[in-house]
Amino acid sequence: MKSRLLLAVALCLSIMGCTKKTQDAPPSPSQEIVHPVGLKGQNQIVPGTDQYRLLVKFKATSITDVEKNKPVFSNARATADAGTWGRSGNNIWSYTYEQAIPFSSQDKAAMKQGRVAPPEPGQFNRYAFRGLLYVREAVNMTPKEVLDLANEFEKLDMVEYAAMEPVTPPPPPATPDFTAQQYYKNDVDGSGVNVRGINAEYAWSIGVTGAGIRIADIEWGYNKNHEDLVTTTCQEILPPPDDQFKDHGTAVAGILMGKKNTFGVTGMVYGADACYIISERVLGRPGGIAEGLKKLRRGDVFLYEMQTGGNGGQYVPADYNQAVWDITKTATDSGIVVVAAAGNGNQNLDDAFYNAYRARGDNGAIIVGAGTKSGRNKASFSTYGTPVHLQGWGDWTVTSTGYTSLYNGGANAGYTKDFSGTSSATPIVASAVISVQSWYKARTGKVLAPRKIRSVLISTGTAQGTGGHIGPLPNIKTAIEWLIANP
């Protein structure tokens, strides 16, 4: 009996030893833990960019205000960390700061006293970005120094991310050589069955011209005195400091808002309630977007006529910048539809270089690639991949206000026949979004959520031709017919 007991104990110890050995063994390659991609570590120096701003997003729970260009932290832990962190003897107090999104004195008092009420449904929550600060000294540092400083900030638990932003934004895509005139407002064009537009003519035939919808467009600027825009509902907020690239914004505005009259062009949503045009050069991109969002309501539409440097500085969507991505998601979560240019860098967003970008998830925006007039093939320069949702005409065939390749009637009467790139594609897609939203709002008294209207336009659009994925071309009529059949 005793010998049997000793044998059982020995066997039990042997099993325990084997079990422990198994637990201590390293996982096999197939069992390796894959850590999620965070918001940090995504900064890079773009070739040709020699001056940067540095945006640091402190957690909103860690900061209450910025006073005398210094952050006011909400707890003793954060205050202590601010004094001990740093390299070469520097810490948070070694720098001065400005809030990227300005707040009024009343807002600041409410935040300090903890009296900030949660936003109403459909309202943009500006207070979530009270910790988004510009480091003022960054503009005087070398790009390497800014990158090193960004990496240092990202070591802090109270910092969600640091984002480098070129002081001079990449210019809008240039309009290249001239091409033939086009008819992107039609369904099937008379020049060939493979030439399709978004069918705005159908929207007009049923009385849909954009009524009930407000629009915002952030870019360099536009010519508010153009003869085909001067008495429209277009309004300039945050005017740019000079006249650079104003033709670009003028061409975008013409596609949307050109007056219905006996000359020039007619915008596809000329009856929209308002079109607010914001220069990104005044407050930077997050601040400019926030100014536009103040004017918009649930169901309204915001165009991002911007691009930023990706791999090797090649152009990709503006929300590749983490701060722009972040504020975009907050906007779409509140019901505002964001339509953004994919950029003219011929970048494949499914490439491994963009793993971190894709791993952020879906911020709800509609990313627009540039396609050809005939066949809806990917234009050679257009950025592409699964994050791109829809396409518009971008192959030098878009007629609009601005520039002078079609007609030069003076400083305020220029017209183009070859506006191009994701710059022209984006307002074409936005016009489809606005038309469908305007129809739906008038019919139901409600608005389509950003992801819903995106999925409807994708599923009812005219299929893409060849090239990397840029998605279908929207068709207003088929989208409306689907919504009627699927209330």
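All values below come from the heavy atoms of this structure, side chains included, with hydrogens, waters and symmetry mates left out. Here the structure is a predicted model, which means the values were calculated and not measured.
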> When you check the side-chain N and O atoms of T250 and T401, is any donor under 3.5 Å from an acceptor?
Replying inline: no
> Do N223 and N412 get their side chains close enough for a donor-acceptor pair, meaning under 3.5 Å?
Replying inline: yes
> Has K452 got more than 12 heavy atoms of other residues, nucleotides or ligands less than 6.0 Å from its NZ?
Replying inline: no
> Can you pull the salt bridge (Lys or Arg N to Asp or Glu O under 4.0 Å) pairs that have at least one residue in residues 250-278, sequence neighbours excluded?
Replying inline: D273-R297
>> Checking D50 now: which residues fulfil side chain to side chain contact (heavy atoms under 4.5 Å, CB included) with it, not counting sequence neighbours?
In response: none
> Given D65 and Q99, is the side chain to side chain contact (heavy atoms under 4.5 Å, CB included) satisfied, shown in steps?
Replying inline: CA-CA 9 Å; D65 195 10; Q99 284 177 307; 4.0 Å; yes
> Between H389 (side chain) and I367 (backbone), is there a donor-acceptor pair under 3.5 Å?
Replying inline: yes
> Can you pull the salt bridge (Lys or Arg N to Asp or Glu O under 4.0 Å) pairs that have at least one residue in residues 316-327, sequence neighbours excluded?
Replying inline: K57-D326
>> Less than 6.0 angstrom from the centroid, inside 45 degrees of the normal: does R136 satisfy that with respect to the ring of Y95?
In response: no
>> By the salt bridge (Lys or Arg N to Asp or Glu O under 4.0 Å) test, which pairs, at least two apart or in different chains, include something from residues 348-369?
In response: D362-R451, D362-R454
> Are a donor atom and an acceptor atom from the side chains of Y384 and Q464 found within less than 3.5 Å of each other?
Replying inline: no
> For the residue pair F58 and F153, does the interplanar ring angle fall in the parallel (under 30°), tilted (30 to 60°) or perpendicular (over 60°) class?
Replying inline: perpendicular
>> Ignoring hydrogens and geometry beyond distance, is a side-chain donor-acceptor pair present between N321 and T308 at under 3.5 Å?
In response: no
>> So which atom in R196 and which in L473 form the shortest heavy-atom distance, rounded to 0.1 Å?
In response: O-CD2, 3.4 Å
>> Can you confirm whether more than 12 heavy atoms, excluding those of K224, are under 6.0 Å from its NZ atom?
In response: no
> Do we see a donor-acceptor contact under 3.5 Å between the side chains of N151 and N43?
Replying inline: no
>> Within the 3.5 Å criterion, strictly below it, is a donor on N363 or T328 matched to an acceptor on the partner's side chain?
In response: no
> Looking at residues at least two apart in the chain, or sitting in another chain, which of them share a salt bridge (Lys or Arg N to Asp or Glu O under 4.0 Å) with R214?
Replying inline: none
> How far apart are the C-alpha atoms of T232 and Y270, what are their side-chain angles, what is the distance that settles it, and do they pass the side chain to side chain contact (heavy atoms under 4.5 Å, CB included) test?
Replying inline: CA-CA 8 Å; T232 65; Y270 63 86; over 6 Å; no
> Should the pair D395-K373 be classified as a salt bridge under the 4.0 Å nitrogen-to-oxygen rule?
Replying inline: no
> Looking only at side chains, do D333 and N125 share a donor and an acceptor under 3.5 Å apart?
Replying inline: no
> Going by the side chain to side chain donor-acceptor pair (under 3.5 Å) test, which pairs reach into residues 284-295, not counting sequence neighbours?
Replying inline: E280-R285, E291-K294
>> For D217 versus V252, what's the shortest heavy-atom pair and its separation?
In response: OD2-CG1, 3.6 Å
>> If the condition is side chain to side chain donor-acceptor pair (under 3.5 Å), which residues does N348 pass it with, not counting sequence neighbours?
In response: none
> Closest heavy-atom contact between Y315 and P170?
Replying inline: CE2-CB, 3.4 Å
> Which heavy atom of P450 sits nearest a heavy atom of T332, and at what distance?
Replying inline: CG-O, 3.5 Å
>> Which residues pass the side chain to side chain donor-acceptor pair (under 3.5 Å) test with T96, not counting sequence neighbours?
In response: E137
>> For a quick test of reading the model, state the closest non-hydrogen atom pair linking S438 to A211 and the distance between them.
In response: OG-O, 2.7 Å
>> Quick test of your reading: applying ring pair (Phe, Tyr, Trp, His ring centres under 6.0 Å), list the pairs with at least one residue in residues 317-344, sequence neighbours left out, ordered by first then second residue.
In response: Y320-Y354, Y320-Y357
>> Ignoring hydrogens, what is the shortest heavy-atom contact between F129 and I327? Give both atom names and the distance.
In response: CZ-CA, 3.6 Å
> Are N346 and T383 side-chain neighbours, meaning at least one heavy-atom pair lies under 4.5 Å?
Replying inline: no
> Listed by chain and number, what are the side chain to side chain donor-acceptor pair (under 3.5 Å) partners of E154, not counting sequence neighbours?
Replying inline: none
>> Go through it in stages, so that I can follow the logic: the residues are Q347 and F353, the test is side chain to side chain contact (heavy atoms under 4.5 Å, CB included), and I'd like the CA-CA distance, side-chain angles, deciding distance and then a yes or no.
In response: CA-CA 10 Å; Q347 289 290 285; F353 183 88; 5.5 Å; no
>> Can you list everything that forms a side chain to side chain donor-acceptor pair (under 3.5 Å) with D243? Sequence neighbours excluded, please.
In response: K246
>> Checking R53 against M164 for the side chain to side chain contact (heavy atoms under 4.5 Å, CB included) test, could you report, in this order, the C-alpha distance in whole Å, the side-chain angles of both residues, the deciding distance, and whether it holds?
In response: CA-CA 6 Å; R53 293 186 180 95; M164 296 170 66; over 6 Å; no
> What ring pair (Phe, Tyr, Trp, His ring centres under 6.0 Å) pairs are there with at least one residue in residues 278-309, not counting sequence neighbours?
Replying inline: F302-Y304
> So, for H248 and Y403, is the gap between ring centers shorter than 6.0 Å?
Replying inline: no
